[in-house]
Amino acid sequence: MSTAASASARFLVVLDVDSTLIHDEVIELLAEHAGSGELVADITSRAMRGELDFEQSLRERVATLRGLGDDVFGEVAERIRVTDGVPELVEAVHAAGGLVGVVSGGFHELVDGLAEGLGLDRWRANRLEVVGGVLTGVVDGAVVDAAAKEESLRSWAADAGVPLRRTVAIGDGANDLKMMGAAALSVAFCAKPAVRAKANLAVETRDLSQVLPLLGLRG
Ligand SMILES: [Mg+2]
């Protein structure tokens, strides 16, 4: 229960992770270790263009990771490149009384460290099942798909006392469209054409601080 004195956040910004918060698609980095990099990269691009069912395609991609040791998470974490402008975006949103969340069709095993390091307020992702230090190739629990991304935005907003009219969603792929549709303002970030076509605004430079003027937070 929140107390009567607890202040509501002023607004909420929710970002996708792969190819938005970071340059990389983590599933592809993991797959390179499993020798399935090319196959997985091909499935990922088709899924992000909206040509494949996200959940089914994720399960197919994760299946190729079976047998990898869980030390792969540390190795991949070192290769992840955070998109330019993320610290500036987080700092400016916080300074203006907002919250920053990320929701990912990727994996908690990598997103947790990123989110904590960047000082994010909320995050949600899939989990990879590990037994005896080895990946089983199975997603543990329900898959974070397009519907789960939208649900995360709605529930984080409700919990923080933020009306939907003060929410922003930023993404690049087809599985971001539902959360972008639920938010008051949707920003396509270096996005697939199908996503750009449906967003309120598009940023074409790989620098997330470019979103700040769109939010009236700089300029
Ligand atoms: Mg993405």
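Here, residue 1 is the first one in the sequence, and each next residue gets the next number. The structure displayed is predicted, hence computed values, not measured ones. Numbering of ligands and ligand atoms starts at 1, following listing order.
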Novice: Could you check if a side-chain atom of Leu15 sits within less than 4.5 angstrom of a side-chain atom of Leu89, using non-hydrogen atoms only?
Specialist: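 The answer is yes, as the side chains (C-beta and beyond) meet within the 4.5 Å cut-off.
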Novice: If we only look closer than 2.8 Å, how many protein N, O or S atoms does the Mg ion (ligand 1) have near it?
Specialist: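 With waters ignored, the protein N/O/S count below 2.8 Å is 3.
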Novice: Taking C-beta and beyond as the side chain, do Phe189 and Val195 meet within less than 4.5 Å on heavy atoms?
Specialist: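 In short, these two side chains do not touch, never coming nearer than 4.5 Å.
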Novice: Would you mind listing every salt bridge (charged side-chain N to carboxylate O under 4.0 Å, His left out) that reaches into residues 9-22, with sequence neighbours excluded?
Specialist: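 Found Asp16-Lys149.
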Novice: State which residues pass side-chain contact (heavy atoms from CB on, under 4.5 Å) with Ala41; sequence neighbours excluded, sorted by chain then number.
Specialist: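 Here the qualifying residues are Glu28.
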Novice: Give me the other members of the hydrophobic cluster that Leu39 sits in, counting Ile, Leu, Val, Met, Phe, Trp and Tyr linked by side-chain heavy atoms under 4.5 Å, directly or via other members.
Specialist: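 Members besides Leu39, by chain and number: Ile43, Leu52.
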Novice: Closer than 3.5 angstrom, by distance alone: can the side chain of Ser186 be matched with the main-chain N or O of Gly181 as a donor-acceptor pair?
Specialist: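 No.
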